[in-house]
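Reading through the structure tokens given below for one structure.
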Amino acid sequence: MNQETSAPEAQLEHFFRNFSVRLSPTPRGARLARLLTAEQLRSWGLPVDPARQIVAELAANAVTHGRVPGRDFRLTVYVIADTLRIEVTDTCGDRPPTPRPPSADAEFGRGLALVEALADRWGWSPGLRPRKTVWADVVLPSDALVPKSEPLT
């Protein structure tokens with residue numbers, strides 16, 4: 001009987017994955033954050049949503065509320081065990097995220113409410129001055145964590 005076993009390194013690789021990139025604080029940078037996240041998650045064999053939407057909202061906030069000309073924002077996405085963590089770090093540490101209920105006719109102001117609805121947990125932390133990081137955790141479904149094995153030939 002043939003049994004396929006994986007090396008300990010492969011098992012660790014499956015349970016810890018990391019992607020990080022600096023992007024310009026522009027609408028194009030926010031769009032690129034969303035697209036890069038989706039492609040990275042696909043390459044890891046993980047579900048794209050709701051992470052894609054969370055990144056879209058956090059990156060849009062970094063571009064809209066955390067923008068300082070000439071200073072990029074950082075997107076970091078990593079998986080440890082069964083949790084996907086999304087972090088967006090901008091250079092406006094003096095402006096903490098403050099969720100506000102939007103008025104019914106408001107065109108803006110729903111981003112953090114969406115993050116709160118889509119993520120299992122979210123929050124923010126100050127970084128080295130002048131930075132802050134807004135983060136969101138998504139617990140991955142157990143079937144997404146099963147390594148995709150290649151068929152034996």
Side-chain angles (χ1 to χ4, degrees), residues 9-148:
E9 300 83 31
Q11 290 173 347
L12 286 176
E13 177 184 315
H14 181 72
F15 289 102
F16 180 77
R17 296 181 178 165
N18 182 19
F19 172 75
S20 188
V21 63
R22 282 180 33 189
L23 298 161
S24 66
T26 62
R28 182 174 185 230
R31 183 174 149 277
L32 192 55
R34 180 179 49 83
L35 294 171
L36 288 171
T37 298
E39 286 307 309
Q40 189 63 57
L41 293 174
R42 281 187 193 105
S43 77
W44 290 341
L46 297 174
V48 171
D49 290 313
R52 174 174 38 193
Q53 186 63 38
I54 292 169
V55 168
E57 297 302 334
L58 294 181
N61 283 351
V63 168
T64 305
H65 305 293
R67 182 175 195 272
V68 175
R71 294 184 183 165
D72 296 341
F73 73 93
R74 176 170 296 283
L75 166 69
T76 303
V77 179
Y78 57 93
V79 178
I80 297 179
D82 67 345
T83 302
L84 171 71
R85 168 139 312 178
I86 299 160
E87 297 179 349
V88 174
T89 303
D90 65 39
T91 54
C92 275
D94 60 332
R95 293 187 201 160
T98 51
R100 288 171 280 197
S103 63
D105 60 345
E107 293 183 28
F108 302 99
R110 292 176 178 79
L112 290 176
L114 281 170
V115 170
E116 186 167 9
L118 295 171
D120 293 293
R121 290 174 299 278
W122 80 277
W124 75 280
S125 59
L128 293 175
R129 190 174 165 96
R131 296 172 188 82
K132 76 171 174 302
T133 298
V134 182
W135 56 266
D137 288 344
V138 176
V139 176
L140 298 167
S142 58
D143 63 337
L145 300 173
V146 177
K148 313 290 190 262

Working to the nearest 0.5 angstrom, can you tell me the gap between [X] [atom1] and [Y] [atom2]?
{"X": "D120", "Y": "T83", "atom1": "CG", "atom2": "OG1", "answer": "8.0 Å"}
{"X": "W124", "Y": "W135", "atom1": "CH2", "atom2": "CH2", "answer": "12.5 Å"}
{"X": "E57", "Y": "I86", "atom1": "CD", "atom2": "CD1", "answer": "11.5 Å"}
{"X": "T89", "Y": "L128", "atom1": "OG1", "atom2": "CG", "answer": "10.5 Å"}
{"X": "F73", "Y": "N61", "atom1": "CZ", "atom2": "CG", "answer": "10.5 Å"}
{"X": "I80", "Y": "N18", "atom1": "CD1", "atom2": "CG", "answer": "8.5 Å"}

Locate the shortest heavy-atom distance separating [X] from [Y]; write the atom from each residue and the value.
{"X": "V134", "Y": "P97", "result": "CG2-CG, 3.9 Å"}
{"X": "S20", "Y": "T76", "result": "OG-OG1, 3.0 Å"}
{"X": "W44", "Y": "V77", "result": "CH2-O, 3.8 Å"}

**Item:** Among D94, D90, T91, the one residue meeting side chain to side chain contact (heavy atoms under 4.5 Å, CB included) with P130
**Value:**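 Of the listed options, the one satisfying the test is T91.
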**Pair S43, Q40: side-chain N/O donor-acceptor within cut-off below 3.5 Å** =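 S43 vs Q40: donor-acceptor pair found between side chains.
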**Residue pair L75, V88: steps toward the side chain to side chain contact (heavy atoms under 4.5 Å, CB included) verdict** = CA-CA 5 Å; L75 166 69; V88 174; 4.2 Å; yes
